[in-house]
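Model, not experiment: these values are computed from the prediction.
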Amino acid sequence: MIKKTFGASLLAADTTVYEVPTGKKAEWVLLYATDVSGSTTSFSVDFYDASETATLPILDGYSLSAKDFFKIGGEYNEFIMMHEGDKIIASCASDNDVSFLVSVIEYNDIIIGG
């Protein structure tokens with residue numbers, strides 16, 4: 001098990017913030033976004049399910065006030081299970097208006113010795 005955090009200054013175009021590596025699975029345990037601009041902005045977050053080749057919206061045009069933040073997760077047993085090739089994709093209304101962090105716990109997809 002390896003705990004990791006990934007961050008990005010979001011762009012208006014979709015940005016892949018995290019992709020589960022080959023041979024791994026992951027628990028997505030925290031999403032944290034901060035409006036770093038001087039005015040209200042919005043951001044979107046999608047989950048790409050590689051097994052279904054489907055993009056599922058998690059947040060769509062979520063509005064953040066200037067200097068405000070948004071958090072999902074971080075508590076015990078709050079996670080989204082992700083598999084090899086799954087992605088967390090995010091964007092915001094204007095380039096660099098939102099700082100975005102996700103925390104995951106990665107595991108080997110094959111149980112060794114079991």
Side-chain angles (χ1 to χ4, degrees):
M1 161 176 80
I2 300 172
K3 297 178 181 182
K4 297 182 176 183
T5 298
F6 298 88
S9 183
L10 297 183
L11 305 174
D14 285 347
T15 300
T16 297
V17 179
Y18 173 74
E19 180 174 355
V20 180
T22 302
K24 301 285 185 184
K25 60 185 174 183
E27 294 176 15
W28 177 8
V29 296
L30 177 71
L31 175 158
Y32 186 87
T34 303
D35 179 347
V36 295
S37 73
S39 60
T40 298
T41 191
S42 63
F43 73 102
S44 297
V45 180
D46 295 327
F47 172 81
Y48 175 76
D49 182 346
S51 68
E52 297 292 326
T53 317
T55 302
L56 309 164
I58 302 294
L59 294 168
D60 188 17
Y62 188 86
S63 183
L64 274 177
S65 299
K67 309 300 182 194
D68 202 0
F69 70 93
F70 178 83
K71 177 187 156 215
I72 294 177
E75 300 297 324
Y76 186 72
N77 281 335
E78 291 181 345
F79 61 89
I80 294 174
M81 198 70 214
M82 300 176 71
H83 300 277
E84 181 179 310
D86 290 351
K87 299 176 187 180
I88 301 168
I89 302 166
S91 62
C92 67
S94 298
D95 287 355
N96 305 313
D97 279 358
V98 175
S99 290
F100 186 81
L101 294 171
V102 293
S103 289
V104 300
I105 302 171
E106 284 182 356
Y107 302 88
N108 288 329
D109 200 23
I110 299 172
I111 298 172
I112 299 170

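Put simply, Val29 and Ile89 are part of two different groups of oily side chains (I, L, V, M, F, W, Y) that touch within less than 4.5 Å, one to the next. Leu64 is connected to Val17 through a chain of hydrophobic side-chain contacts under 4.5 Å among Ile, Leu, Val, Met, Phe, Trp and Tyr, so both are in one cluster. Both Phe47 and Val104 are assigned to one and the same hydrophobic cluster, defined by single-linkage of ILVMFWY side chains at heavy-atom distances under 4.5 Å. With hydrophobic clusters built from ILVMFWY side chains whose heavy atoms lie under 4.5 angstrom apart, Val102 shares a cluster with Tyr62.
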Verdict with supporting geometry, Val36 and Asp97, side-chain contact (heavy atoms from CB on, under 4.5 Å): CA-CA 5 Å; Val36 295; Asp97 279 358; 5.5 Å; no

Criterion side-chain contact (heavy atoms from CB on, under 4.5 Å) on Asn108 and Lys24, from CA distance to verdict: CA-CA 5 Å; Asn108 288 329; Lys24 301 285 185 184; 2.7 Å; yes

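A heavy-atom distance below 4.5 Å is not found between the side chains of Ser91 and Leu10. Between Leu31 and Lys71, every side-chain heavy-atom pair lies at or beyond the 4.5 Å cut-off.
With sequence neighbours excluded, no residue satisfies side-chain hydrogen bond (donor to acceptor under 3.5 Å, both in side chains) with Asp86. Partners of Ser65 under the side-chain hydrogen bond (donor to acceptor under 3.5 Å, both in side chains) rule, at least two apart in sequence or in another chain, do not exist in this structure. Taking Ser103 as the reference, Thr5 meet the side-chain hydrogen bond (donor to acceptor under 3.5 Å, both in side chains) condition, with sequence neighbours excluded. Residues passing the side-chain hydrogen bond (donor to acceptor under 3.5 Å, both in side chains) test with Tyr107, sequence neighbours excluded: Glu27.
Contact detail for Glu84 and Pro21: the closest heavy-atom pair is CG-O, 3.8 Å. The minimum heavy-atom distance between Asp46 and Pro57, with the atom names listed, is OD1-CA, 3.3 Å. Residue Gly7 comes nearest to Leu101 through the heavy atom pair CA-CD2, 3.6 Å, listed as atom of the first residue, atom of the second, then distance. Minimum interatomic distance between Ser37 and Ala66 (heavy atoms only, all atoms of both residues): O-CB, 3.9 Å. Between Val98 and Cys92 the shortest heavy-atom distance is CG2-CB, 3.8 Å. The nearest pair of heavy atoms linking Gly85 to Tyr48 is O-CD2, 3.8 Å.
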Identify all side-chain donor-acceptor contacts of residues 72-83 below 3.5 Å with residues at least two apart in sequence or on another chain.
residue	atom	partner	partner atom	Å
Glu78	OE1	Glu75	N	3.3

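Distance check: Asp68 CG to Thr41 OG1 gives 12.0 Å after rounding to the nearest 0.5 Å. Taking OG1 of Thr34 as the start and CZ of Phe43 as the end, the distance is 9.0 Å to the nearest 0.5 Å. Atom CG in Asp95 sits 4.5 Å away from atom CG in Leu11 (nearest 0.5 Å).
The stretch residues 2-40 participates, sequence neighbours left out, in these ring pair (Phe, Tyr, Trp, His ring centres under 6.0 Å) pairs: Phe6-Tyr18, Tyr32-Phe69.
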